[in-house]
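Quick notes on the structure that follows.
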Amino acid sequence: MNIHDALRDPRLSGKLMLALQRAILGQFTISDWEEFGYETGEHDYITNHERLRRSLYFGDDDYGACVFQALRYFANNNPSAIATLLKRKDIRLALENESPELLYELGLIESHVPSLQAESISASQVVERALADADHLLLKSGPVSCIDRLHTALHGYLKDACLRAGLIFDDQASLTQLFKLLRASHPKLQHLGSQDKDVVRVLNSFSSVVDALNTIRNHASVAHPNDKLLDDAEAMLMVNATRTLFHYLNAKV
């Protein structure tokens, strides 16, 4: 959908303004506002909006209202600035995590697997830190940079899940070995509902994903000094596949 059309739709425009305001509150610094101003030709407006800058700097309660004011100004006077916001990596990732249905409605994504919040899982501090690092690297450096941290997080999570289920494994067990053990021996993964056979086929397919994640991490990510790195589209495929597996296991076991 064209951004001008979206801004003329009261329902959609309201949802967009709210989602962007929340994303900006969580992501933007003074430097980000400066950069955005130069990107959009709105540097004078941002520089002269002293209350916006001051409330951000001092953490004042009216900063959120100032952000709404700025967004309304851009929507009314320079809609392309809203389009630029939607293309920024930091804002886009925040929206993909918090408002994927809005991006879908705008026609900006076909589907999305949200990140897994570390505090929502039962796992070690290593897993929590690795998940946080992965989200940070995805935002700042792109998907290929976070594959190693997602690999670490999933490896640690599978170890923790096996331990909690009383399953015995070697300390040096690989990611693939741990997933195979969990799939074969965890009591909650033995009976998978009315479509058991079909779900088993899906989980068996994820065994290939896990095995591929090992190889990609070692030979096509920044975990090692590899000459040929995974392209962004394929790296994001691995990120979303790993997140999907995380979400399922966290809900199931």
Would you list the pairs meeting ring pair (Phe, Tyr, Trp, His ring centres under 6.0 Å) in which at least one residue belongs to residues 173-226, sequence neighbours left out?
none

Donor-acceptor contact present, side-chain S99 to main-chain L95, <3.5 Å:
no

Quick one: does D9's side chain have a donor or acceptor within less than 3.5 Å of a partner on R11's backbone?
yes

D231 side chain to A233 backbone, donor-acceptor under 3.5 Å:
no

Nearest 0.5 angstrom please: K188 NZ to L249 CG, how far?
12.0 Å

Test V253 against Y157 for side-chain contact (heavy atoms from CB on, under 4.5 Å), laying out the working first.
CA-CA 11 Å; V253 305; Y157 179 82; 3.9 Å; yes

Please list all pairs meeting salt bridge (Lys or Arg N to Asp or Glu O under 4.0 Å) that have one or both residues in residues 63-84, counting only residues at least two apart or in different chains.
none

Is the count of non-hydrogen atoms from other residues, nucleotides or ligands lying under 6.0 Å from K252 atom NZ greater than 12?
yes

Transitively linked via ILVMFWY side-chain contacts under 4.5 Å: L237 with L150?
no

Roughly how far, to the nearest 0.5 Å, is NZ of K197 from CD of Q195?
10.5 Å

Please give me the minimum heavy-atom distance between D232 and P143, naming the atom from each residue.
O-CG, 3.5 Å

Heavy atoms only: give me the nearest D196-Q190 pair and the separation to one decimal.
OD2-O, 3.8 Å

Restricting to non-hydrogen atoms, name the atom on A134 and the atom on C146 that form the minimum distance, rounded to 0.1 Å.
O-CB, 3.3 Å

Rounding to 0.5 Å, atoms CD1 (I147) and CG (L137) come to a distance of 11.0 Å

From CG (L71) to SG (C66), nearest 0.5 Å
11.5 Å

Please find the pair of heavy atoms, one from D135 and one from L93, that lie closest to each other, and give the distance.
O-CD2, 3.8 Å

Under 3.5 Å, which donor-acceptor pairs link side chains of residues 53-60 to any protein atom two or more places apart or in another chain?
{"unit_1": "R53", "atom_1": "NH1", "unit_2": "E34", "atom_2": "OE2", "d": "2.9"}
{"unit_1": "R53", "atom_1": "NH2", "unit_2": "E34", "atom_2": "OE2", "d": "3.4"}
{"unit_1": "S55", "atom_1": "OG", "unit_2": "R51", "atom_2": "O", "d": "2.8"}
{"unit_1": "S55", "atom_1": "OG", "unit_2": "L52", "atom_2": "O", "d": "3.1"}
{"unit_1": "D60", "atom_1": "OD2", "unit_2": "R51", "atom_2": "NH2", "d": "2.7"}

Distance in Å, I3 CD1 paired with L106 CG, rounded so as to fall on 0.5 Å steps:
6.0 Å

Please name all residues satisfying salt bridge (Lys or Arg N to Asp or Glu O under 4.0 Å) with K159, sequence neighbours left out, ordered by chain then number.
none

Closest non-hydrogen contact found for H4 with N2 is N-OD1, 2.7 Å

Which heavy atom of A220 sits nearest to which heavy atom of V144, and what is that distance?
O-CG2, 3.7 Å

Starting from the C-alpha separation in whole Å, work towards a yes-or-no answer on side chain to side chain donor-acceptor pair (under 3.5 Å) for N214 and S174.
CA-CA 9 Å; N214 259 329; S174 69; 4.7 Å; no

Atom CG of L213 and atom OG of S221: how far apart are they, to the nearest 0.5 Å?
9.0 Å

Tell me which pairs pass ring pair (Phe, Tyr, Trp, His ring centres under 6.0 Å) where either residue lies in residues 60-98, with sequence neighbours left out.
F36-F74, Y45-Y73, Y45-F74

What I want to check is whether the side chains of N78 and T40 have a donor and an acceptor closer together than 3.5 Å.
no

Taking atom CZ of R201 as the centre, report whether more than 12 heavy atoms of other residues, nucleotides or ligands fall under 6.0 Å from it.
no

Output side-chain donor-acceptor pairs under 3.5 Å for residues 14-32, partner residues at least two apart or in another chain, one line each.
{"unit_1": "K15", "atom_1": "NZ", "unit_2": "E105", "atom_2": "OE1", "d": "3.0"}
{"unit_1": "Q21", "atom_1": "NE2", "unit_2": "G64", "atom_2": "O", "d": "3.2"}
{"unit_1": "T29", "atom_1": "OG1", "unit_2": "S31", "atom_2": "N", "d": "3.4"}
{"unit_1": "T29", "atom_1": "OG1", "unit_2": "D32", "atom_2": "N", "d": "3.2"}
{"unit_1": "T29", "atom_1": "OG1", "unit_2": "D32", "atom_2": "OD2", "d": "3.1"}
{"unit_1": "D32", "atom_1": "OD1", "unit_2": "R88", "atom_2": "NH2", "d": "3.3"}
{"unit_1": "D32", "atom_1": "OD2", "unit_2": "T29", "atom_2": "N", "d": "2.9"}

Any donor-acceptor pair under 3.5 Å linking the side chain of N48 with the backbone of D44?
yes

